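Notes follow once the structure below has been shown.
Remember, it's 1-based here, ligands and their atoms both numbered in the order they're listed. Keep in mind that what you see is a predicted model, and the values were worked out from it rather than measured. Along the sequence shown, residues are numbered consecutively beginning with 1.
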Amino acid sequence: NVKEKGKNTFQIYTSLMCNTSLERFNLESDIRRAIENEEFVLYYQPQINTDTREIVGVEALIRWNDPIKGLTPPNHFIPIAEESGMIIDIENWVIRKACEQNKVWQNAGLPKIPISVNLSTRHFLQPDIVEMVAQVLKEVDLEPKYLDIEITESMTIDIDRAIITLQKLKELGVQISIDDFGTGYSSLNYLKSFPIHKLKIDRTFVRDIIKKDSNDAAIVSTIISMAHHLNLQVIAEGVESAEQLSYLNNKHCKVVQGFFFSPPVTAQQLHEKLLKNNFG
Ligand code: C2E
Ligand code: MG
Ligand code: MG
Ligand code: MG
């Protein structure tokens with residue numbers, strides 16, 4: 001009886017495994033095809049200075065324009081791409097494309113702003129990452145200060161390499177932001193010695209700041225004042241309402257990104273926003 005039950009359990013287990021690994025296999029080969037066929041597109045979300053109401057930066061966010069599934073958000077394929085290592089090819093494309101697009105806006109005479117790209121920890125920890133970034137900037141002829149690299153706290157899994165890479169990127173002249181700040185293993189100790197420029201407060205904290213008795217309000221205002229004391233810029237992500245905006249303003253967080261001002265939009269739409277450049 002026990003033996004039989006064990007056997008059935010085993011069968012269920014293997015068939016589930018097969019399903020998942022088959023789906024996974026399909027997704028992996030679809031991603032590989034997407035890289036070859038250049039099925040990825042970038043959307044661009046503006047970052048707004050709430051005093052001047054001007055665009056002070058833009059984040060490039062990848063989507064997969066799958067011929068069958070349509071426009072697919074990053075959460076559906078970035079994790080698999082990270083695990084399989086394909087993320088490196090994908091992000092090399094993202095970095096080049098983002099720099100090229102920024103150069104196109106600059107050449108059109110639009111206000112010069114840095115463009116942010118998301119770099120996975122796996123990619124960030126590659127030995128040749130700095131050379132790769134330098135090469136792209138050179139080929140695209142974009143000044144390094146107009147590229148902003150977003151990494152997450154998980155880069156601290158290899159602290160020695162992280163510090164070396166951060167220092168080299170700083171010497172290169174690109175900007176560095178810590179994305180989703182507060183959701184990872186926050187190493188407040190390292191923060192003071194890291195050569196970084198910005199903290200991006202994760203939107204899960206911003207979501208509930210105006211709720212009564214919200215711990216998130218305390219967390220957000222603490223992150224803001226800590227950033228100021230450490231001489232770091234601070235950006236609030238996921239700002240959706242005027243109430244959230246005024247809370248953040250009262251705490252002297254001057255740069256925000258979120259649906260309240262704009263969702264991620266196409267390159268052409270961002271061109272128009274830069275032309276007008278006033279969210280007042
Ligand atoms: P992220 O870097 O934290 O980007 C912000 C995400 O929040 C974007 O989702 C954006 O559309 C969304 N967002 C912005 N404002 C609001 C708001 O007001 N409300 C809400 N609910 N959401 C808002 P998206 O584009 O789906 O990207 C999700 C994540 O995928 C990104 O989070 C980033 O971690 C990852 N990702 C995107 N592109 C890349 C890439 O090239 N490489 C890597 N490794 N990850 C990427
Ligand atoms: Mg980001
Ligand atoms: Mg992120
Ligand atoms: Mg984020």
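- Note on Lys200 versus Glu59: salt bridge recorded, some NZ/NE/NH1/NH2 to OD/OE distance being below 4.0 Å.
- Every atom of ligand 1 with a heavy atom of Asn75 under 4.0 Å away is listed here by number and element: 28 (C), 29 (C), 30 (O).
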#### Entry: Step-by-step side-chain hydrogen bond (donor to acceptor under 3.5 Å, both in side chains) determination, Glu240 to Gln244
CA-CA 7 Å; Glu240 296 182 355; Gln244 290 169 331; 5.6 Å; no
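- For ligand 1, the polar-atom distance check finds an N/O of Phe259 within less than 3.5 Å of one of the ligand's N/O atoms.
- Metal site remark for the Mg ion (ligand 2): Asn118 contributes an N, O or S atom at a distance under 2.8 Å.
- Taking the charged nitrogens against the carboxylate oxygens, Arg32 and Glu36 have no contact shorter than 4.0 Å, which rules out a salt bridge.
- Within 6.0 Å of CG in Asp158 there are more than 12 heavy atoms belonging to other residues, nucleotides or ligands.
- In Asp202, neither the side chain nor the backbone holds a heavy atom less than 4.0 Å from any atom of ligand 1.
- Each of Glu82, Glu91, Gln126 was compared with Ser120 under the side chain to side chain donor-acceptor pair (under 3.5 Å) criterion, and only Glu91 meets it.
- Of all the N, O or S atoms in Glu59, the one closest to the Mg ion (ligand 2) is OE2.
- In this structure, of Val117, Asn118, Ile90, the residue bringing a heavy atom nearest to atom 34 (O) of ligand 1 is Asn118.
- Within ligand 1, the atoms closer than 4.0 Å to a non-hydrogen atom of Asp180 are 3 (O), numbered from 1 in the order shown.
- Heavy atoms of Ile62 found under 4.0 angstrom from ligand 1 belong to the backbone as well as the side chain.
- For Glu59, the closest heavy-atom approach to ligand 1 falls below 4.0 Å.
- Less than 6.0 angstrom separates the ring centroid of Trp105 from the ring centroid of Tyr44.
- Minimum-distance N/O/S atom of Asp180 relative to the Mg ion (ligand 4): OD1.
- Applying the salt bridge (Lys or Arg N to Asp or Glu O under 4.0 Å) definition to pairs two or more places apart or across chains, those involving residues 98-110 are Lys103-Asp141.
- Within a 6.0 Å radius of NE2 in His228, more than 12 heavy atoms belonging to other residues, nucleotides or ligands are found.
- Residue His123 does not touch ligand 1, judged by heavy-atom distances below 4.0 Å.
- The side chain of Glu91, and not its backbone, has at least one atom closer than 4.0 Å to an atom of ligand 1 (non-hydrogen atoms only; side chain from C-beta on).
- Each of the atoms 41 (O) of ligand 1 lies under 4.0 Å from some heavy atom of Val94.
- Asp179 contributes OD1 as its N, O or S atom closest to the Mg ion (ligand 4).
- Sorting the N, O or S atoms of Glu150 by how far they are from the Mg ion (ligand 2) puts OE1 first.
- Heavy atoms from other residues, nucleotides or ligands lying under 6.0 Å from NZ of Lys69 number more than 12.
- For the ligand labelled ligand 1, residue Arg63 lies inside the 4.0 Å heavy-atom shell.
- For ligand 1 and Pro264, the ligand atoms under 4.0 Å from any heavy atom of the residue are 11 (O).
- Using a 4.5 Å cut-off between side-chain heavy atoms of Ile, Leu, Val, Met, Phe, Trp and Tyr, with links allowed through other members, Ile78 and Val41 fall into different hydrophobic clusters.
- Side chain of Thr50 to main chain of Lys254: a donor-acceptor pair is present (N/O by atom type, distance under 3.5 Å, no hydrogens or angles).
- Distances from atom 26 (O) of ligand 1 to the heavy atoms of Pro74, Ala60, Pro79, Ser116 put Pro74 nearest.
- Every N/O-N/O distance between Gln257 and ligand 1 stays at or above 3.5 Å.
- Classification of the Trp64-Phe40 ring pair by plane angle, with boundaries at 30° and 60°, yields tilted.
- Taking every non-hydrogen atom of Glu240 and a distance limit under 4.0 Å, the qualifying atoms of ligand 1 come out as 17 (C), 18 (O), 19 (N), 20 (C), 21 (N).
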